[in-house]
Amino acid sequence: MDVEKRLRESGIVLTEVNAPLAAYVPAVRSGNLLFISGQLPMDQGILSYKGKVGSELSIEEGQSACRQAAINCLAVLKKNLADWGQLVRIVKITGYIRCDSDFTAQPQVLNGASQLLENLFGVNGKHARAAVGVNALPLGAACEVEMVVELR
């Protein structure tokens, strides 16, 4: 699988990894697992999606936010790989969706990230996941996505 080709065909450019907002590192490897810290929907250092999904943002905008956050997870992943051949599979993602307490479509919103990963990596992009509704996120972001991947 040519990941770089699929990224190009999808119009995705993996930019520099965003600087951490607090006292943590973008990723930690333990054995054959890489734990990628939660990423916001930043594009070239600017928060792309701010607000609560369902009241201030549409589900489709929330999906785009999750897609961008997942792209940022992939930028962190790439920085921690010698090459894409090291990637075995995406194991799990967790999506935190900023929303009101009566909003229940978090799984549909997180599909923006899940569908991207499946499109890029096929069966190896299918993953376990949790979609969690939250009241607030750093910088007022619409979502935050974290990822666990298996490496060779």
Side-chain angles (χ1 to χ4, degrees), residues 1-51 53 57 59-99 106-134 136-152:
M1 161 185 1
D2 187 345
V3 175
E4 289 296 330
K5 180 181 177 188
R6 287 188 181 183
L7 288 167
R8 279 191 307 276
E9 291 171 351
S10 298
I12 297 171
V13 176
L14 300 180
T15 59
E16 288 297 313
V17 173
N18 295 307
L21 298 175
Y24 63 91
V25 293
V28 171
R29 184 167 182 169
S30 180
N32 63 339
L33 296 178
L34 183 69
F35 295 83
I36 299 172
S37 295
Q39 298 295 308
L40 301 178
M42 305 282 280
D43 187 7
Q44 298 180 354
I46 299 169
L47 185 63
S48 302
Y49 296 91
K50 187 175 184 175
V53 180
L57 298 170
I59 288 176
E60 293 77 18
E61 288 170 314
Q63 289 170 332
S64 294
C66 286
R67 182 180 190 275
Q68 183 60 51
I71 289 169
N72 293 338
C73 287
L74 294 176
V76 173
L77 172 59
K78 182 177 179 180
K79 187 172 182 167
N80 284 272
L81 296 175
D83 61 67
W84 286 107
Q86 283 185 273
L87 177 65
V88 174
R89 70 170 299 121
I90 307 297
V91 176
K92 183 178 182 187
I93 67 171
T94 302
Y96 303 94
I97 313 302
R98 185 172 171 223
C99 58
Q106 294 88 353
Q108 289 78 18
V109 175
L110 190 55
N111 281 346
S114 293
Q115 290 168 345
L116 168 72
L117 297 170
E118 186 176 343
N119 289 342
L120 289 174
F121 302 111
V123 68
N124 295 333
K126 290 188 175 197
H127 50 270
R129 72 177 203 178
V132 181
V134 297
L137 286 169
L139 305 178
C143 70
E144 182 172 345
V145 175
E146 63 183 21
M147 188 180 295
V148 179
V149 299
E150 181 183 358
L151 304 176
R152 288 181 171 63

May I have the list of side-chain donor-acceptor pairs in residues 20-35 shorter than 3.5 Å, sequence neighbours left out?
unit_1, atom_1, unit_2, atom_2, d
Y24, OH, L21, N, 3.2
R29, NE, G31, O, 2.9
R29, NH2, R152, O, 3.2
N32, ND2, E150, OE2, 3.4

Report task. Under the side chain to side chain contact (heavy atoms under 4.5 Å, CB included) rule, what do S114 and H127 come out as? Steps first, then yes or no, please. Result -> CA-CA 8 Å; S114 293; H127 50 270; 2.9 Å; yes
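- Smallest separation of non-hydrogen atoms from K50 and G140: CG-O, 3.2 Å.
- Taken to the nearest 0.5 Å, the CZ atom of F121 stands 5.0 Å off from the CD1 atom of I90.
- If you take SG on C66 and CD on E144, they are separated by 10.5 Å, rounding to the nearest 0.5 Å.
- Residue L120 is tested with V3, I71, L7 for a side chain to side chain contact (heavy atoms under 4.5 Å, CB included); the sole match is L7.
- Judged by distance alone, with hydrogens and angles left aside, the side-chain atoms of D43 form no donor-acceptor pair with the main-chain N or O of Q68 at under 3.5 Å.
- Shown here for C143 and A69, the closest heavy-atom pair between the two residues is SG-CB, 4.1 Å.
- Distance alone, capped at 3.5 Å, is enough to place a donor-acceptor pair between the D2 side chain and the K5 backbone.
- With rounding to the nearest 0.5 Å, the separation of CZ in R6 from CG in N119 is 8.5 Å.
- Here L57 contributes atom CG and I97 contributes atom CD1; the two are 11.0 Å apart, rounded to the nearest 0.5 Å.
- A distance of 4.5 Å separates CG of L77 from CH2 of W84, quoted to the nearest 0.5 Å.
- Put simply, CD on E60 and CD on Q108 are 11.0 Å apart, with the number rounded to the nearest 0.5 Å.
- The only option from M147, R67, K126, R89 that meets the side chain to side chain contact (heavy atoms under 4.5 Å, CB included) definition with L117 turns out to be M147.
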Requested in this report: Could you check V145 against L110 for side chain to side chain contact (heavy atoms under 4.5 Å, CB included), going step by step and ending with a plain yes or no?
Outcome: CA-CA 9 Å; V145 175; L110 190 55; 4.2 Å; yes
Report task. Go through the steps for Q115 and E118 under the test side chain to side chain contact (heavy atoms under 4.5 Å, CB included), then give the verdict. Result -> CA-CA 5 Å; Q115 290 168 345; E118 186 176 343; 5.8 Å; no
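- Under 4.0 Å is where a charged nitrogen must lie from a carboxylate oxygen, and between E146 and R129 no such pair does.
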Report task. Verify side chain to side chain contact (heavy atoms under 4.5 Å, CB included) between L151 and L87, making sure each step is shown before the conclusion. Result -> CA-CA 5 Å; L151 304 176; L87 177 65; 4.3 Å; yes
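- Across all non-hydrogen atoms, the minimal contact from A113 to I93 is CB-CD1, 4.0 Å.
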